[in-house]
Amino acid sequence: TMVSSSAASDVYKRQTSRGGKMSQTKILLDESEIPTHWYNVVADMPNPPAPPLGPDGNPIGPDALAAIFPPGLIEQEVSGERWIEIPEEVREIYQLWRPSPLYRAHRLEAALGTPAKIYYKNEGVSPAGSHKPNTAVAQAYYNKQAGITRLATETGAGQWGSSLALVGKMFGIEVRVYMVKVSYEQKPFRRSMMHTWGAEVFASPSDQTESGRKILAEHPDSPGSLGIAISEAVEEAASREDTNYSLGSVLNHVLLHQTVIGQEAKKQFEIAGDYPDMIFAPCGGGSNFAGAAFPFFADKAAGKEIRLVAVEPASCPTLTRGHYAYDFGDAVGLTPLLKMYTLGHDFVPPGIHAGGLRYHGDSALVSQLYNEGLIEAVAVHQLGTFEAGVLFAQTEGIIPAPESSHAIRACIDEALKCKETGEPKTLFFNLSGHGHFDMASYDKYFSGELVDYEYPAEAIDEALHHLPKVG
């Protein structure tokens, strides 16, 4: 059980006074400290990444991606270089909100009564309210360079769609977003944000594409899924010369762009004179986890002791209960086959209120590191994550996005273990976004409408039969 937040009010008497002085809550970096390069984890992986395959089961080359991605991103997708330079124009836009602050969670620590030290990176300070613009800026930049004038994409909770809408405007690129229908209905204000930044938004499955029409014919009241929305966006991009596809997670180049988070955090821990024993980050497609954890994986690869934990919903338990196999990244089978943990590309998740984590697969890089035992994964339940999110809001003040609350839950569980063992571990989690547009979900939690949902084992076994036959 967790404790009431009122215990946190003793915090300054106990934890933050050092000879009468308050210790730092926010560790800030100057804008000149924004990373100059992205970090590519491939350089430190013990084995080369499993190659993407075409429909025939043979590895595909970079050319196969050229129909929907610009050359700059394809190069990054297949690169083995450790450091990839961040273009100056991208760093200039990052200055609108980066470097993001690293916080010491003094009040949460006090409320839990734990000897552990808890830190979090606040990615909710971006204009769109999450970590997603870190890659949106880069993707828009490379598409603009390639002369592309329109981008099609998918979004779950709307964090990614709103991030791409935001930067599309900055680069003069039209943005079309296919938003998972259940989120389109649950999150009307994210939709309004996308409209404010000039994007068009469709509830997916839509009647705009062949993929959407096909699914609507079979399931007229389909709630949609990220897999379906990806099919629609990829189809649109492949069918128009002026349009490319943009993905908010999963692919190597997206994970690469997010590593600005962990790189800044490493500098901030140095300033704090501390270093994490464990890192927790939410994991849907993997970019949030990669952004926070991969730069620390470089240290782990060099022999440093550190545990990196991906946190996912029990209702969409890709890493913890999925199959490690080649599968499509979308519902209809338009994408290359990626070797990843998967619940099956035709998985339609329950309508849990963490739309950003409802993806059937996972990044191939995250999957491979997990398969090789180099990172860890845990699944947490919906009610426990909201309980953790509320305690965080009542102690630290920030209302977290439900996705971020998954990491908070796992971090709190570890801090409570430390309370039992007396270990003063240093814990770090990525607060990937604020929850101001997720308040309908909080309302459902408070009114007792949310339930814990364990994805059934039969459904996971059934999905095995639908996996593409390769190799």
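Computed over heavy atoms, backbone and side chain alike; hydrogens, waters and symmetry mates excluded.
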So which pairs with a foot in residues 293-310 pass salt bridge (Lys or Arg N to Asp or Glu O under 4.0 Å), sequence neighbours left out?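 As it turns out, the salt bridge (Lys or Arg N to Asp or Glu O under 4.0 Å) pairs with a partner in residues 293-310, which skip direct neighbours, are Lys266-Asp299, Arg307-Glu376.
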Applying ring pair (Phe, Tyr, Trp, His ring centres under 6.0 Å) to Tyr370 and Tyr341, what does each step give before you reach the verdict? CA-CA 9 Å; Tyr370 180 62; Tyr341 281 89; 5.3 Å; yes
What's the separation between atom NE2 in His131 and atom OG in Ser249, rounded to the nearest 0.5 Å? 6.5 Å
Supply the atom-to-atom distance His406 NE2 to Glu312 CD, rounded to the nearest 0.5 angstrom.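 Output value for this atom pair is 9.0 Å.
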So, does [X] use its side chain to make a donor-acceptor pair with the main chain of [Y] at under 3.5 Å?
{"X": "Gln268", "Y": "Ile27", "value": "yes"}
{"X": "Glu396", "Y": "Leu108", "value": "yes"}
{"X": "Arg321", "Y": "Ala379", "value": "no"}
{"X": "Ser404", "Y": "Pro400", "value": "no"}
{"X": "Asn40", "Y": "Ser79", "value": "yes"}
{"X": "Thr318", "Y": "Leu343", "value": "no"}
{"X": "Glu372", "Y": "Met45", "value": "no"}
{"X": "Glu154", "Y": "Met179", "value": "no"}
{"X": "Gln368", "Y": "Ala50", "value": "yes"}
{"X": "Ser192", "Y": "Pro188", "value": "yes"}

Non-hydrogen side-chain atoms of [X] and [Y] separated by less than 4.5 Å:
{"X": "Val177", "Y": "Leu164", "result": "no"}
{"X": "Asn288", "Y": "Asn430", "result": "yes"}
{"X": "Val180", "Y": "Ile228", "result": "no"}
{"X": "Thr342", "Y": "Tyr326", "result": "no"}
{"X": "Arg104", "Y": "Thr25", "result": "no"}
{"X": "Ile460", "Y": "His323", "result": "yes"}
{"X": "Leu431", "Y": "Lys121", "result": "no"}
{"X": "Ser162", "Y": "Trp197", "result": "yes"}

Who pairs with [X] by salt bridge (charged side-chain N to carboxylate O under 4.0 Å, His left out), at least two apart in sequence or on another chain?
{"X": "Lys339", "result": "none"}
{"X": "Asp413", "result": "Arg409"}
{"X": "Asp277", "result": "none"}

According to side-chain hydrogen bond (donor to acceptor under 3.5 Å, both in side chains), does anything in residues 227-238 pair up with another residue at least two apart or in another chain? List the pairs. Arg150-Glu236, Arg176-Glu236, Tyr178-Glu236, Ser204-Glu232, Ser206-Glu232, Thr209-Glu232, Ser211-Glu235, Ser231-Asp330
Taking the six-membered ring for Trp and the full ring for Phe, Tyr or His, determine whether the centres of Tyr119 and Tyr103 are under 6.0 Å apart. no
Ring-ring centroid check Tyr453 His381, cutoff 6.0 Å: no
Applying side chain to side chain donor-acceptor pair (under 3.5 Å) to Thr114 and Glu109, what does each step give before you reach the verdict? CA-CA 6 Å; Thr114 179; Glu109 290 169 21; over 6 Å; no
Qualifying residue, where the test is ring-ring contact (aromatic ring centres under 6.0 Å, His included) with Phe429 and the options are Phe280, Phe289, Tyr120: Tyr120
Worked check of ring pair (Phe, Tyr, Trp, His ring centres under 6.0 Å) between His360 and Phe347: CA-CA 6 Å; His360 70 275; Phe347 166 77; 7.4 Å; no
[atom1] of [X]: more than 12 outside heavy atoms within 6.0 angstrom?
{"X": "Ile399", "atom1": "CD1", "value": "no"}
{"X": "Lys267", "atom1": "NZ", "value": "yes"}
{"X": "Phe189", "atom1": "CZ", "value": "no"}

Side chain to side chain donor-acceptor pair (under 3.5 Å) between Glu454 and Ser315, worked out: CA-CA 5 Å; Glu454 189 99 28; Ser315 58; over 6 Å; no
For the residue pair [X] and [Y], confirm or rule out a side-chain donor-acceptor distance under 3.5 Å.
{"X": "Asp362", "Y": "Ser367", "value": "no"}
{"X": "His257", "Y": "Gln76", "value": "yes"}
{"X": "Gln258", "Y": "Asn134", "value": "yes"}

If every non-hydrogen atom of [X] is compared with every non-hydrogen atom of [Y], which pair is closest and at what distance?
{"X": "Leu319", "Y": "Ala310", "result": "CD1-CB, 3.9 Å"}
{"X": "Val366", "Y": "Ile375", "result": "O-CD1, 3.5 Å"}
{"X": "Ile230", "Y": "Gly329", "result": "CD1-O, 3.6 Å"}

Restricting to side chain to side chain contact (heavy atoms under 4.5 Å, CB included), what partner residues turn up for Ser130, sequence neighbours left out?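 Side chain to side chain contact (heavy atoms under 4.5 Å, CB included) list for Ser130, sorted by chain: Lys132, Pro133, Gln159, Ser163.
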Salt bridge (Lys or Arg N to Asp or Glu O under 4.0 Å) between Arg98 and Glu123, intermediate numbers included: CA-CA 9 Å; Arg98 301 212 72 82; Glu123 289 294 305; 2.8 Å; yes
Quick one: is the NZ or CZ of Arg191 closer than 6.0 Å to the six-membered ring centre of Tyr184, and within 45° of its axis? yes
Lys NZ or Arg CZ of Arg190 over Phe437 ring: under 6.0 Å, within 45°: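 The answer is no, since Arg190 fails at least one limit relative to Phe437.
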Worked check of side chain to side chain contact (heavy atoms under 4.5 Å, CB included) between Arg213 and Gln208: CA-CA 7 Å; Arg213 291 189 290 272; Gln208 298 283 309; 5.6 Å; no
Working note: Trp160 + Thr153, criterion side chain to side chain donor-acceptor pair (under 3.5 Å); need CA distance, chi angles, decisive distance, verdict. CA-CA 9 Å; Trp160 170 242; Thr153 195; 2.7 Å; yes
Please test His195 against Glu200 for side chain to side chain donor-acceptor pair (under 3.5 Å), starting from the C-alpha separation and ending with a verdict. CA-CA 6 Å; His195 288 146; Glu200 283 184 277; over 6 Å; no
Which is it for Trp38 and Val260 under the side chain to side chain contact (heavy atoms under 4.5 Å, CB included) test, yes or no, and what are the steps along the way? CA-CA 6 Å; Trp38 292 299; Val260 291; 3.8 Å; yes
Over 60° means perpendicular and under 30° means parallel, so classify the ring planes of Phe386 and Tyr445, tilted if in between.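 Tyr445 vs Phe386 ring planes: parallel.
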Less than 4.0 angstrom from a charged side-chain N to a carboxylate O is my criterion; do Glu420 and Lys417 meet it?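 No.
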